[in-house]
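First comes the structure, then the notes that go with it.
All ligand and atom numbering here is 1-based and tracks the order in the structure.
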Amino acid sequence: MENHVLELTKRLTEAFGVSGYEDEIRSVIREEITGLVDEVRVDALGNLVALRRGGASPRRRAGVAGQPGKRVMLAAHMDQIGLMVTHIDEKGCLRFAPVGGVLGLACWGSQVRFADGTVGTIGLDGGLNARDKMPILSSMYIDVGATERADVALHVGDVAAFWHAFAGQGNTWFAPSMDDRIGCAVLVQLLRELAGREIAHDVYAVFTTQEEVGTRGATTSAYTIDPDVAIALDVTPTGDAPHTNPALEVYLGRGVALKIMDKGMISHIGLNQLLIAAAEAEGVPYQREVLQLGSTDARSMQMARSGIPATALSVPSRHVHTPSQIVDRRDAEAAVALLVAFLERPIAL
Ligand SMILES: [Zn+2]
């Protein structure tokens, strides 16, 4: 991918979009995919559903190798983890509840930003006096620089996200929202690459909502689309940082990770075999991911209706769910290349 993908990723990672509050990121993505797809709509849960038709007929047309075209659902979640205000005290300190998997360890001193642009720093009760204690969210607060309640123009229920500008350093990219804006960037870039190609399959590019609170947007969008196969595009932790779990054989920069199992699903074996065959035929670097925690939109898509063959392609990321996640652009490039190769082939399961 060239520099316009860096620009795209920067734009996507810097847009606001805590789970349930995805308006800003959705409008940014909608702008980016205009002209690349045949249909686009927003459903009741806020999912952005785009269809790039394949072949000649509206549905299930003959494919490139005489195989019927399939309905392929690709899902990347727009939402990011965040903090929701639960109480504002007389000094203007804001207590908060987590929206998604926010870790106390990752919070103290982090900068956050609300949808209206207000920024704050996460403070810890006791400050440095409490530095040896394990920080928990109930002993933390958002400090927006106020000295009294009247200074704060925010309300209970307002949401904030970790905030830091995107940074690119060689092949590595840094941003708090890489989970899953890098997956959104892969999906937008895929639509760009498909623009000049003839493929048999209908591609439903779905930018989902509320993944971080239980893959809710994928659940309803998969029901409506009723795809033949489904692939989630997300991040996965790596096993290559000091003292991380050696059972996780995923490395930054060694290619896209193909999900074999996580806590929520066992990927469809035949679908994975097709992806491996496409990767090997085109020389796309890939890794096999067996993750013993977490899950993705693929779980909900797999369980939709009477069941859908599903898997996930992950961009390896260090420091997932912290304010400074790292990905390697080459792994994102590999994800795009693998999806192109997969979609150019018949999908016979
Ligand atoms: Zn994610």
Arg181/Glu14 salt bridge by N-O under 4.0 Å criterion: no
Taking 2.8 Å as the cut-off, does an N/O/S atom of Glu211 lie below it from the Zn ion (ligand 1)?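 It does not; every qualifying atom lies at 2.8 Å or beyond.
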Indicate if the distance from the Zn ion (ligand 1) to the nearest N, O or S atom of Asp234 falls below 2.8 Å.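 Under 2.8 Å: Asp234 contacts the Zn ion (ligand 1) through an N, O or S atom.
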For Val18, which fellow cluster members are found when Ile, Leu, Val, Met, Phe, Trp and Tyr are connected by side-chain heavy-atom distances below 4.5 angstrom, either directly or through intermediates?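 Grouped by the 4.5 Å side-chain rule, Phe16, Tyr21, Met84, Val99, Val159, Val213 form the rest of the cluster around Val18.
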Under the side-chain hydrogen bond (donor to acceptor under 3.5 Å, both in side chains) test, which residues partner Thr215, sequence neighbours left out? Ser300
What I'd like to find out is whether the side chain of Ser324 reaches to under 4.5 Å of the side chain of His319, using heavy atoms alone.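 SC-SC contact between Ser324 and His319 ruled out.
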Would you mind naming the N, O or S atom of Asp179 nearest to the Zn ion (ligand 1)? OD1
